[in-house]
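One structure below.
Lettering of chains follows the sequences in order, A, B, ..., and the numbering in each one begins at 1. Not measured: the values here are computed from a predicted model.
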Protein chains: 2
Amino acid sequence: MEPTARGLYRAKEFAAKAGVTVRTLHFYDRIGLLVPTAREANGYRLYSDADLERLEQILALAFVGFELDRIKRLLAGPPLPLEVALRLQRTIIAQEKHRLELALAAIDEAESSLARADESERWQAVAHVIKVFKMQNDYNWTENYYSPEGREKLAEMRRTTPHETVEAGERAWAELIAEVEAAAANGTEPASEAGRALAQRWCDLVRAFTQDDPDVSAGLNQLWSDQTHWPTGFKRPWSDAADAFITAAKAARG
Amino acid sequence: MEPTARGLYRAKEFAAKAGVTVRTLHFYDRIGLLVPTAREANGYRLYSDADLERLEQILALAFVGFELDRIKRLLAGPPLPLEVALRLQRTIIAQEKHRLELALAAIDEAESSLARADESERWQAVAHVIKVFKMQNDYNWTENYYSPEGREKLAEMRRTTPHETVEAGERAWAELIAEVEAAAANGTEPASEAGRALAQRWCDLVRAFTQDDPDVSAGLNQLWSDQTHWPTGFKRPWSDAADAFITAAKAARG
DNA sequence: GATAGGCCATGACGTAACGTCAAGGTCAAG
DNA sequence: CTTGACCTTGACGTTACGTCATGGCCTATC
């Protein structure tokens, strides 16, 4: 029948198995995200079951909103960043969801105000109502915690920091958080030598992230401590127990 | 001082007032969405307070997710489509929100399964968990109500129908819905002459939308009647009272 | 042996909503 | 006369592909 008997599939068949289009496969191949295991002599792509597994991982990560470029690096890198990446992605999704909730509420409000408005001011009515909701979060509630200078510096840092640095930082955070979680779980004293060492590393990482800028670190501190104003669904990337531990350990360092 | 004293602003000042960038103003100008009231002799853009009002309307509609091209037509067109457009947009946002909720739940599940998985199968664990959530809605829960043929035909229709037709349809729906709401509110008998006339128009519009295709209309009917499975936040673009009225009126027509 | 039809390939261009960069014009202050 | 702040337009980059267009490969059929 087909020349693709033992676990190898040509483009169309493979695409159908995975639920994507052939053009998507071409694209993933070109950007190096999913290169087919082999090619036939005539150049036809041949995909294996291992390729299918990788594609499913890709699609899973894409579903939770990762960019393809990010997915490529996640799949290539060491295993640790996965946890951290998922947690960070969670906060992004939670923010987007919050934005959509505001938009929904804004539409509902706009509809009823539209019913009350007379012909001439319909647009103003809608614009006004939505503007109110828009300003409620201004697209990015975290920014409210920073001073204008802090905001600018943060944006600047985000633009200029290369992603290797970002990922190294994420890895460092992941390791430290894991250790803090473990310490909190096994009853280590926050004020002990080990606890204070963890607190030291924590503060060092914060300083590395904020690049020692007071405007940025002030906003960051407020953001994390003002739990009552977080949007629904937003979480710290570490547990309450770990938070209590590290807070106590930092205090013990004085 | 500036040459822009009496209610006219140059690009930077105007952008600051409205909270957008100058480049955005350039872009809106080029696509004809917001053309400045005037130009100075040297070609500098001059914006008026009326421009600011329009820009605020644009930003409001953009906040609830309308595309710029759509916004342009909404602001140009007759007032009626605004209500309908808002209601339709609501369902889209509600769907997106639902998707994000699934993604959040998927991440939470993935995290805990990640804690249980050993090194070698971490990726499979995550991919598997997320795949489950992904399939729960398959990006588009409405499609579950259609047969494969119905889905294809719907997609085909969406590709080929020009937006003027779509908007004419929306206007027709808006008018009809408004009349049905009114009839339901003022106690008109569904079985009366007027009620059956409304039902007739309703069925005609459905036939126009489905283009008389049985696969499409079957799916559509199931979708609207299976209220218990709608995602949270999803609503009919008409009230329960109107729904009861039109159902009874259709029944009266036999 | 020619041809029709199905699958495959690559490459160019389009999408949405701008950001970024580049090259250059305008104008008031020093 | 230069500096610096502001303005202009145009070209290109971004994301994740879809949509042609063109042409090769291969098999079945006439």
Q | Side-chain N or O of Arg10(A) closer than 4.0 Å to phosphate OP1/OP2 of dC7(C) | A |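 Checking Arg10(A) against dC7(C): no side-chain N or O falls below 4.0 Å of OP1 or OP2.
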(Q) At less than 4.0 Å, is any side-chain N or O atom of His26(A) found next to OP1 or OP2 of dA9(C)? Yes or no. (A)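 Looking at the OP1 and OP2 atoms of dA9(C), one of them is under 4.0 Å from a side-chain N or O of His26(A).
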Q. For the side chain of Lys12(A), counting heavy atoms from C-beta on, which of dC8(C), dT10(C), dT9(D) is nearest?
A.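 Nucleotide nearest to Lys12(A)'s side chain: dC8(C).
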Give me, pair by pair, the N or O atoms of the protein and of nucleotides 16-18 of chain C that are less than 3.5 Å apart, along with how far apart they are.
{"from": "dA17(C)", "atom 1": "OP1", "to": "Leu68(B)", "atom 2": "N", "distance (Å)": "3.0"}
{"from": "dA17(C)", "atom 1": "OP2", "to": "Leu68(B)", "atom 2": "N", "distance (Å)": "3.4"}
{"from": "dC18(C)", "atom 1": "OP2", "to": "Tyr28(B)", "atom 2": "OH", "distance (Å)": "2.8"}

Q: Report the residues that fulfil salt bridge (charged side-chain N to carboxylate O under 4.0 Å, His left out) with Glu111(B), sequence neighbours left out, ordered by chain and then residue number.
A: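 Counting only residues at least two positions away or on another chain, Glu111(B) forms a salt bridge (charged side-chain N to carboxylate O under 4.0 Å, His left out) with Arg87(A).
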Side-chain donor-acceptor contacts of residues 25-35 of chain A below 3.5 Å, not counting sequence neighbours, with atom names and distances?
{"from": "His26(A)", "atom 1": "ND1", "to": "Arg23(A)", "atom 2": "NH1", "distance (Å)": "3.2"}
{"from": "His26(A)", "atom 1": "NE2", "to": "Arg45(A)", "atom 2": "NH1", "distance (Å)": "3.4"}
{"from": "Asp29(A)", "atom 1": "OD2", "to": "Arg39(A)", "atom 2": "NH2", "distance (Å)": "3.2"}
{"from": "Asp29(A)", "atom 1": "OD2", "to": "Arg45(A)", "atom 2": "NE", "distance (Å)": "2.8"}
{"from": "Asp29(A)", "atom 1": "OD2", "to": "Arg45(A)", "atom 2": "NH2", "distance (Å)": "3.4"}

Q. Does some side-chain heavy atom of Phe14(A) sit less than 4.5 Å from a side-chain heavy atom of Leu55(A)?
A.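 They are in side-chain contact.
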Q.
Closer than 3.5 angstrom, by distance alone: can the side chain of Gln89(A) be matched with the main-chain N or O of Val64(A) as a donor-acceptor pair?
A.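 Judged by distance alone, yes, a pair lies under 3.5 Å.
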Is there any protein nitrogen or oxygen under 3.5 Å from a nitrogen or oxygen in nucleotides 23-26 of chain D, and what are the pairs?
{"from": "dG24(D)", "atom 1": "N2", "to": "Tyr44(A)", "atom 2": "OH", "distance (Å)": "2.8"}
{"from": "dC26(D)", "atom 1": "OP1", "to": "Asn42(A)", "atom 2": "ND2", "distance (Å)": "3.4"}

Q: For residues 49-65 of chain A, pull every pair meeting salt bridge (charged side-chain N to carboxylate O under 4.0 Å, His left out), keeping only residues two or more places apart or in separate chains.
A: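 Qualifying pairs, neighbours excluded: Glu56(A)-Lys131(B).
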Q: Determine, step by step, whether Leu46(B) and Tyr44(B) satisfy the side chain to side chain contact (heavy atoms under 4.5 Å, CB included) criterion, reporting the C-alpha distance in whole Å, the side-chain angles of both residues, the deciding distance to 0.1 Å, and the verdict.
A: CA-CA 6 Å; Leu46(B) 286 176; Tyr44(B) 290 10; 5.7 Å; no
(Q) Any salt bridge linking Arg10(B) with Glu40(B)? Criterion: basic side-chain nitrogen under 4.0 Å from a carboxylate oxygen. (A)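 Salt bridge between Arg10(B) and Glu40(B), a charged N being under 4.0 Å from a carboxylate O: yes.
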(Q) So Arg70(B), base contact, sugar-phosphate only, or nothing? Heavy-atom distance under 4.0 Å. (A)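 Result for Arg70(B) = nothing.
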Q) If we fit an axis to the first five pairs and another to the last five of the helix from dG1(C)-dC30(D) to dG30(C)-dC1(D), what angle do they make, to the nearest 10°? A)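 Terminal axis comparison yields 40°.
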